[in-house]
Structure formats: structure tokens, C-alpha cells
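Okay, so here's the structure we're looking at.
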Amino acid sequence: MASARPLQVLVAGGGIATLELLLALRAAAGPAVAVTVLSPAAELVHRPEAVGEPFGRVPRRYDLAEIVAGLGGRLRPGALRSVDPDAREVVLADGHRLGYETLVVAVGTRTAQAVPGATSFRPGGTGDTADVVREIEDGRASRVAFVAPAGAWALPAYELALHTAGRVHEAGVRTPGAVSLVTAEPAPLAVLRGAASDAVARRLEAAGVVVYAGREVTTWTDGTLTLGPDATTVPADRVVALPVPTGPGVEGLPMRAGFVRVDERFAVPGAPGVFAIGDAADYPVKQGGLATQEADVVASTLARQAGADVPERPFRARVRAVLWTGAAALYLSADLDDGEPVASDAAERAPWWPPEKVAGAHLAPFLLDVDEVGVERAVARADERRAHPATGALLATPDREGILPLDREA
Ligand SMILES: Cc1cc2nc3c(=O)[nH]c(=O)nc-3n(C[C@H](O)[C@H](O)[C@H](O)COP(=O)(O)OP(=O)(O)OC[C@H]3O[C@@H](n4cnc5c(N)ncnc54)[C@H](O)[C@@H]3O)c2cc1C
């Protein structure tokens, strides 16, 4: 199937999109593709699980070098600074230049503080949020507001508010408005407008969380939040805000508002051989599951370029999200068209398997296997799934479409 010399793929970034790309490329093209991963970080931290950290749940972490090597790739420590598309070279933060045949930019976002003076919820630094939760629980503070600014994947704010409301209730605190939530979205999780958004709103109401939707924080002074556009005031002696995502700003590539511009197959216009996926790309919704779907699209393009006999995979954005609440989880899904929801759904039973927060067709079962049997055997199991689709771990449930492995999806 493949030409003699493998297609050389340089991937900048060592996160969720990259790992799905590696797995999908291995499944579709095997040795016809040779991958080098450029990453400043030696670990892959499962950031979506950071919302559980202030409540005692430790996010999973993985040794990136071991996984990349296990999948037949090479990890090159370093950070991408800029791209020279004419020379087909990247420039690293330390000034080194590397040539590329194909480049996939998957460097994620940068973030900025949303509310001056507030606790910023940062995966890897959630201790401050845990302190706030304890203060509300033991009465050292009486009202906390969680803030989801425009542009952020807002789900963590709803999860933090629901968890905190549960803890506050257990602690016997009955202060009205002890937990509130300010979101720039017109309704809770409006990105999944319809049944999913309605279900999240009901959960928040049942937990006693006071919601201020369609509003942004103007100021926080003397224990009062002032919200635009209508100058609503909210008493809050503690504020925890998700950061505002800002684009990675890769010099040399066309950007829109700091994010790398892409076409419908995640190729970067005007930069031959360059693709961008995940949070770094300018697709309007930034979410891990979507990042994996973008990776799968690019993997199919590259596998075909490398000579593999696989179909060109279209991008059909389907958000799958698990809302952790501190009690029973809620499984939310929506089909998107150009970033806008066309239909959404909520269920208390997982409609996809494994019921992972980041619902990547290759990534979700792989990481579970790594947890269970280690990298080497997880890679063997991934290869087995490819060879024997019937043993694939990701199966559709009888009542609805689930996630299917790449080779079984229509
Ligand atoms: C608190 C929180 C909760 C979330 N919850 C969910 C959820 O429940 N479900 C879900 O699907 N998504 C969730 N998300 C979103 C999800 O984490 C992101 O959409 C996803 O991680 C994007 O994947 P990525 O590979 O594009 O970026 P990342 O996973 O952020 O990876 C970027 C990688 O690039 C590396 N890097 C950075 N700069 C450079 C550089 N200059 N050169 C080379 N490498 C670089 C980083 O070290 C990192 O390895 C959540 C996010 C947060 C913050």
C-alpha cells in the first residue's frame, strides 16, 4: 500500500489532539508514516479531569515519551515559535530550525485571566480553587461565584458550581445564593442548545446554583460582582473564573484572532503541507472530543498521502461531553454545523463507550488500556482493534449512535 519512504510528519504539541492523531495514523497507515512529536512538556495531563481535583479526584497523567515511542514515533523536546512555509521549516523557541515535509500544529491555547483579583481555575494549579471550596464549606466565606468568560469551553464552570453546591449542602450551609454562576453564554452550556443545555440548567436549579446567563463580569470590588451589559450586581466574597483562551499566535501562519486559520479539512491556507488541529485551530468550538475528530480527519488525509487505501474522512462535528456533578453524571451530545448546534441530547446513561470525558475514537479506549495494562500492551490492543474491528472497545449502544472506531464509522 505504501511508497518505500515513509511520509515524514512533524507534530507540534503533545496533548489530546496529538495523541489521537498518532493513534489514528498508526491505525490507518502503520509504517507508511514516520512521526516526530515536538513538545516542551514531558507529560500528558488529562486536563478535563482537573475539575475533580479540588474535590479529591486526581487527574490521570501519562509519560509522553513512553507513549510516543510505544506508538513508533519520536519525541523531540522543544517548543514551536514560528513557521517558515516557503522554506518548509519551523523555528523553535531556542532558535533551532527543523525542516518538515508535513507539519501538524496542535499546540493548544494560551490563557489570560478573566476577572482581575479572582482565583483563576487552572489545571495543574487547582489548589487555590480547593481553598475557596473549603472556605465556603467551613463558613470562612459565605458566597462564591464561578465565572465562564466568552470563548472558554464553559463546562468546567458548571461542574465546579455543581460540585461546590453539593459540598456546601452536605456541610449544612443554607445561605441563599451561596453558589452562583456567571456565564457569557445565553443559557447554561448554550453551545449544546436544546435538550442538553436545558438538562444542565435543571441540574443547576435543583442544586440551588443561581445562574446569571448572557453576562460578563465588569468589576469585582468589595465583595460585589458587577455584570454587563445591565450592571446587575451579585454578592460574592470569593470568585473562581475560568481563564479566557487566547490563540497560540504562531508566527508565519495565517491567523484569525490569534488562532491558526484552517480550511474544512484543517489544512492551513497558503502553507502547503501544514495542518492545524485542536484548540490552536480557528474552529469556533474548542473541546477535547472535537480536537480528536479534527485529528481523525487529518490522519485520513495524511494516510492517503502516504499511500494507504483508506477513505477520506469527512468532518462531522459531534460534541460528546460528560458533566461531572459530584453525584450522577450527565452525558451530553450535540451535532454541530459550522460550530452551531443543530440537535442536542442529554442522558443519565452513557450513550457512548467507554464513557470518557474526552470521547476520542482511538484515544479513549487507548488511555483506559494504558491505565489497565501499561503502554506496551495498550499499543498491542490498539493494533488488535485495527486488525479485528469486532473486538473494538468503542461500540454503538443499541438505542443510539455511539462512537465507532475509525475503520467502522460510516
Ligand atoms: C478545566 C478544563 C476542562 C475541560 N473539560 C473537557 C471535557 O470534559 N471534555 C472535553 O472534550 N474537553 C474538555 N476540555 C477541553 C480540552 O482539554 C481541550 O479542548 C483539549 O485539551 C485540546 O487539545 P489540544 O491537543 O488542542 O491541546 P492541549 O491538550 O492543550 O495540548 C497542547 C499541547 O501543546 C503543547 N505546547 C504548547 N505550546 C507549544 C509549543 N510552542 N510548541 C510545541 N508544543 C506546545 C503543550 O505542552 C501540550 O502538550 C477541558 C479543558 C479544561 C481546561
Side-chain angles (χ1 to χ4, degrees), residues 10-22 36-54 59 61-62 64 67-68 75-83 90-94 98 103-111 120-126 129 146 148 152-160 189 191-192 240-245 247-251 259-260 266 276-283 285-295 298 317-324 329-333 352 355-360 363-364:
L10 176 65
V11 189
I16 280 169
T18 294
L19 188 47
E20 175 78 11
L21 180 75
L22 257 66
T36 300
V37 173
L38 175 71
S39 170
E43 265 192 332
L44 183 144
V45 182
H46 207 293
R47 288 195 307 159
E49 294 179 351
V51 286
E53 210 168 23
R61 326 173 78 89
Y62 300 93
L64 193 57
I67 288 186
V68 172
L75 183 67
R76 161 68 159 92
L80 174 72
R81 186 170 71 203
S82 62
V83 180
V90 296
V91 182
L92 309 191
D94 64 7
L98 292 178
L103 170 68
V104 182
V105 178
V107 295
T109 52
R110 309 292 164 261
T111 54
S120 206
F121 181 76
R122 286 176 297 108
T126 57
T129 303
F146 293 93
W153 171 244
L155 186 91
Y158 305 116
E159 295 180 301
L160 291 170
L189 215 60
V191 69
L192 309 187
V240 177
L242 302 184
V244 181
V250 183
E251 278 169 48
F259 296 92
V260 184
F266 299 93
I277 54 174
D279 286 0
D282 79 340
Y283 185 73
V285 184
K286 316 270 174 225
Q287 196 245 6
L290 290 175
T292 66
Q293 291 165 34
E294 297 166 14
V298 171
R318 182 166 177 77
V319 177
R320 297 174 179 91
V322 187
L323 182 84
W324 282 356
L330 204 51
Y331 298 86
L332 309 165
S333 46
W352 59 88
E356 287 287 282
K357 265 187 155 301
V358 179
L363 176 109

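Order of appearance sets the numbers: ligands from 1, and atoms from 1 within every ligand. When reading the values below, keep in mind they use all heavy atoms of this one structure, side chains included, and skip hydrogens, waters and symmetry mates. It should be emphasised that the depicted structure is a prediction, and the values quoted were computed from it without experimental measurement.
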Which residues pass the side chain to side chain contact (heavy atoms under 4.5 Å, CB included) test with Ala93, sequence neighbours left out? Ala79
Need the list: ligand 1 N/O atoms against protein N/O atoms, distance under 3.5 Å, rounded to one decimal.
residue	atom	partner	partner atom	Å
ligand 1	8 (O)	Lys357	NZ	3.1
ligand 1	9 (N)	Lys357	O	3.2
ligand 1	11 (O)	Gln287	NE2	3.1
ligand 1	11 (O)	Gly288	N	3.0
ligand 1	11 (O)	Gly289	N	2.9
ligand 1	12 (N)	Gly288	N	3.0
ligand 1	17 (O)	Arg47	NH2	3.4
ligand 1	19 (O)	Asp279	OD1	2.9
ligand 1	19 (O)	Asp279	OD2	3.2
ligand 1	19 (O)	Gly288	N	3.0
ligand 1	21 (O)	Arg47	NH2	3.2
ligand 1	25 (O)	Ile16	N	3.2
ligand 1	25 (O)	Ala17	N	2.9
ligand 1	26 (O)	Asp279	N	2.8
ligand 1	29 (O)	Ile16	N	3.3
ligand 1	30 (O)	Arg47	NH2	3.2
ligand 1	38 (N)	Arg110	NH2	3.0
ligand 1	41 (N)	Leu80	N	3.3
ligand 1	41 (N)	Leu80	O	2.9
ligand 1	42 (N)	Leu80	N	2.8
ligand 1	44 (N)	Gly13	N	3.4
ligand 1	49 (O)	Gly14	N	3.1
ligand 1	49 (O)	Gly14	O	3.3
ligand 1	49 (O)	Gly15	N	3.4

Does a side-chain heavy-atom distance below 4.5 Å link Leu242 with Trp153? no
For a side-chain contact (heavy atoms from CB on, under 4.5 Å) with Val104, tell me which candidate from Val37, Thr18, Leu10, Val11 qualifies. Val11
Glu294 side, atom CD; Asp279 side, atom CG - distance, nearest 0.5 Å: 8.5 Å
Arg122 atom CZ, over 12 foreign heavy atoms within 6.0 Å: no
Hey, could you give me the OH/CG distance between Tyr158 and Leu330, rounded to the nearest 0.5 Å? 13.5 Å
